[in-house]
There are 2 protein chains.
Amino acid sequence: MHKEDTLTKNQQIIFDLIDKSPEPMKAYSILHDVQKKGIKAPLQVYRALDKLVEIGKIHKIESRNAFIACHNSSCQVSKATAFSICEICEKVTEISSASLSKYLTNFKDKDGMKYSKYNLEFFGLCKKCR
Amino acid sequence: MHKEDTLTKNQQIIFDLIDKSPEPMKAYSILHDVQKKGIKAPLQVYRALDKLVEIGKIHKIESRNAFIACHNSSCQVSKATAFSICEICEKVTEISSASLSKYLTNFKDKDGMKYSKYNLEFFGLCKKCR
DNA sequence: TTTAAATTGTTATAATATAACACTATGTAA
DNA sequence: TTACATAGTGTTATATTATAACAATTTAAA
């Protein structure tokens, strides 16, 4: 499976940065942080991000245009993602719920259509902000 | 409830355009189409879009940066949205499933936290593209 | 009717993302 | 080992998406 694939230099630098970050990181903030490592252009960042998303090492939080490392060990969920987002402090947490992913993976629309790929973003207030 | 609110001129022009469109519309494509009606600047479009999203008349498809009219009559779902997106033709359909919205509205995360607001995007192939 | 709130119009600019092209590294097959 | 395909890199330029700041106007409620 893909997750074990060796990352290239740029991919590794950018993954390490995102993985260490306690919060989702934006592309240009990543760019700023890796310039000292020789990554100078937005495209270098976006290419690494694209690849990391593709292989499931990171996820994009669509509503925030930001990226976080995947913390689900199981590979199936890399294209079936769910997050909770605090509307005050912007804390983002990946939800790993077997019942949720089972429900959504088995969900059929009006036409009986199933979708193995989805992205779900819940919004509310986190513990601290409540 | 908000949906019955009267729209302002710009909001009405932009809502009508989106409502008539068979597919999600992007902000600058909207701008292009409404220039003949006197809306000349991006900000005029974004302001109307923000308001229309806020009152639930339209939804933003986050993964596409595009906007579609809401076709659910019930107001509760305006902040609890679900869509299917065809990865080939980009057709987007709003899903109105009582069981889905019930499941997600009642979903509790590890900490027992519930979220009344969410956005779900399913990806796959539509009937035509399969 | 005056006053607060929302909306508008406008210019400028910020933030996010991709096109195009030349070059380099890496793995695979002859 | 060579040669070939594939993926990744570096670079410049540019496209796309979105907001800041400020003055003027409209609207609706007290």
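We name chains A, B, ... by the order of the sequence lines, and we start the count at 1 in each one.
Using a cut-off of 4.0 Å between Lys/Arg side-chain N and Asp/Glu carboxylate O, B:Glu23 and B:Lys91 are scored as not salt-bridged. A salt bridge between B:Glu87 and A:Lys117 is present, with a side-chain N of the basic residue lying under 4.0 Å from a carboxylate O of the acidic one.
The separation between B:Arg64 atom CZ and D:dT17 atom C1' is 16 Å, rounded to whole Å. Between the C1' atom of C:dT26 and the CD atom of A:Gln11 lies a distance of 13 Å, rounded to the nearest Å. Going from atom CD1 of B:Ile13 over to atom P of C:dT7 covers 15 Å, rounded to whole Å. With rounding to whole Å, A:Tyr28 atom OH is found 14 Å from D:dT16 atom P. One interatomic measurement links the two molecules: NZ of A:Lys9 to P of D:dT9, which rounds to 7 Å at whole-angstrom precision. With rounding to whole Å, A:Lys37 atom NZ is found 18 Å from D:dT9 atom C1'. One interatomic measurement links the two molecules: CG of B:Leu7 to C1' of C:dT8, which rounds to 15 Å at whole-angstrom precision. Nucleotide D:dT11 holds its C1' atom 14 Å from the CD1 atom of A:Ile39, rounded to whole Å.
No continuous path of hydrophobic side-chain contacts links B:Tyr115 to A:Ile88 [ILVMFWY only; heavy atoms under 4.5 Å]. Placement of A:Ile14 and A:Ile61 in two distinct hydrophobic clusters is found when ILVMFWY residues are connected by side-chain heavy-atom separations under 4.5 Å, directly or transitively.
Going from atom CD1 of B:Ile85 over to atom OH of A:Tyr118 covers 14.5 Å, rounded to the nearest 0.5 Å.
In this structure, B:Phe107 has its ring center at least 6.0 angstrom away from the ring center of A:Tyr103.
Near DNA chain D, defined here as any heavy-atom distance below 4.0 Å, the residues from residues 41-53 of chain A are A:Ala41, A:Leu43, A:Gln44, A:Arg47, A:Lys51, listed numerically.
Closest to the side chain of B:Thr8, from the set C:dT8, C:dA17, D:dT17, is C:dT8. Of the candidates C:dT10, C:dA17, C:dT8, the closest approach to any side-chain atom of A:Asn65 belongs to C:dA17.
Under 4.0 angstrom from either OP1 or OP2 of D:dT17 there lies at least one side-chain N or O belonging to B:Lys26.
For the residue pair B:Glu62 and A:Ser63, no side-chain donor N or O sits within less than 3.5 Å of a side-chain acceptor on the partner.
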